[in-house]
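Residue numbers start from 1 in every chain, and the chains themselves are labelled A, B, ... in the order their sequence lines are given, proteins ahead of strands. These numbers come from the heavy atoms of this one structure, side chains and all, not from hydrogens, waters or symmetry mates.
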Amino acid sequence: MNQHSAVIGNRISRIFPMGGTPVHALREVSITVEPGELVMLLGPSGSGKTTLLHTLSGLEKPDQGDVWVNDISIYTLNDWKLSKLRSQYFGFVFQSFNLLPTLSALENVQIPLRLLGTKQPVKQATEILSRVGLAERTHHKPSQLSGGEQQRVALARALVTRPKIVYADEPTGNLDSQTSLDMMLLLRELVSENQSACLMVTHNSEMTHLAHRVLHMRDGQLVESASRAGVS
Amino acid sequence: MISLLLRLFHWNILRSRLQLLIMIVAVLGSLSSYVLLGTALSEMSVQVMESMRSEWPYDFEVEAWFDADLEQQISNLPGLSRLEIHTMTEVFLYSETIRLLALPKENSVLLLELEQGELPTFEDDIVLPASIAMRYGYQLGESIQLQSVRSINKPVSFHICGILSGKKGVLTYPLTTYDGLTRLQPAEKLTPTALIQLDGRTELLTFEKRLQNIGRGMSIKTLTQEYEEAQANLTLSDTLVNGLRSLILMISASSLSILLYITLRSGAYQTGVLRAVGMAKPWLLLPAFLQTLLVFNIGYFSTYFLLPPVAQTMGLMTEKQALLQHLHSDFWVFLGVGMLSTLVVQLQFLSSSIPRLFREAL
């Protein structure tokens, strides 16, 4: 296994029992994401995009195959170690902004830092919030922020630990087109700054020009791959 | 990390204020019922047990020269339900030997229901039980001659001032005053007798050993066969009480579990996110336990203030202090059940995969 890759999925299969009938969500999918690479995963609903993202990010154990990060087969770890690995190496941005409503933007961003026991979490969280353009909104609760602002807080939370890879599941799904574009540009910029990789699930094919590589999924398999070497 | 956990605890409470309120009310209701029903049924079973006792409802007679220290030592013995110190002697009535009692103190369990006349006041007054009056044909106002078994003095004459009822449970020994007894036997020879009633749960032999361990030259006499029947009845009612209490506990635990689960479900998405970003399961258990502690403590203090007036309204005889002691000891059982329910519900909830938490929330 290549130690330098951000994540490697090796012949991953996932089967869900649906009313007694097994449904193959993933069929022996192999995928490698390199550091600094922005990979978009497209495909129709039910094609297995989100399941692949969950499996690669240590959220859902595959029935077959394994996932490697830093030469570690992550599903051999117990829950405690896997949780720690997620907090160290992975960042997450979801479609629903999923911020804790009773915490301010600053406190939400501090969560991964506090889980890692980082010194000066407030300073780091403030810096990244400034970087996403929310320096003036750090003490606002999620309910006091717009959808775009909430997603920027979620992005700041995903990147504050400088993760090896950011997993984004439809991060612009609840945003209008201009905010979506702003959000994507910001995501690409920050990922590049951090030298993190990013694997993004999206329905939005209009954004594919921002990716380094675009993968298509159908019926639980990767069916098409397109590299865009010129993207920077 | 601690501050994050406290914020999560804060979030737990704020996101489900209505459920929290319902949980507190549920704890208040179930804890009150648990304590009140348990106390009421225990009172009832003790009363039933006492009503099945004979007119001499004691299990041990202990003769000794009692002082405050000895009385205290006996009172503190586990299993003792009642301790009365009486003065009595044995007398000849014709060829029969009978026991003659000094009028007991007011708190005695002895039933002194008169059919005629009144209780003894003067040293030559005597009250006869109905059975003796009938057997020897004595009437109210007549005299009766008694001679002490333990002295060689001449027979002493008493004036019959009352006749006890012949109803079941009424005392079947004659009664006089303490001074009346000293006419038959000098005061220094009237050894006081401690009459002991057990709680119906302790074994006679066990209690006898405890008495013997005190020493002090006591003469101990085990009295009753009826105690075994009382024990059996009490065991039956104890089983009933425990059964009902367990039922209340189970209903409480189930309702709390359901409420907890509903609360957890309402925060499933955020819980999923927290786990995704690296919060391990044990950290998520802590805020939930804190929440349960909070609910039970508020429930306890609400019950503490509400229980005495409710018990009074229900006509329970148990004193306020005893009732609150019941509440205090029962609370720990309740809290244990609450914590266990929280643990089970949380483990069940957290055993779901993270994507499932996301799906359930949608």
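Closest heavy-atom contact between P142(A) and L100(A): CG-O, 3.6 Å. The nearest pair of heavy atoms linking L357(B) to S352(B) is CD2-CB, 4.1 Å.
Heavy-atom distances place the side chain of F92(A), and not its backbone, under 4.5 Å from chain B. Heavy-atom distances place the side chain of E107(A), and not its backbone, under 4.5 Å from chain B.
Note: W283(B) and W80(A) have tilted aromatic rings, judged against thresholds of 30 and 60 degrees for the angle between ring planes.
We find that K123(A) and E127(A) are joined by a salt bridge, their nearest charged nitrogen and carboxylate oxygen being less than 4.0 Å apart.
Between chain B and the options S87(A), P121(A), P163(A), the largest number of non-hydrogen pairs under 4.5 Å is found for S87(A). Contact count versus chain B (heavy atoms, under 4.5 Å) is highest, among P101(A), S57(A), P112(A), for P101(A).
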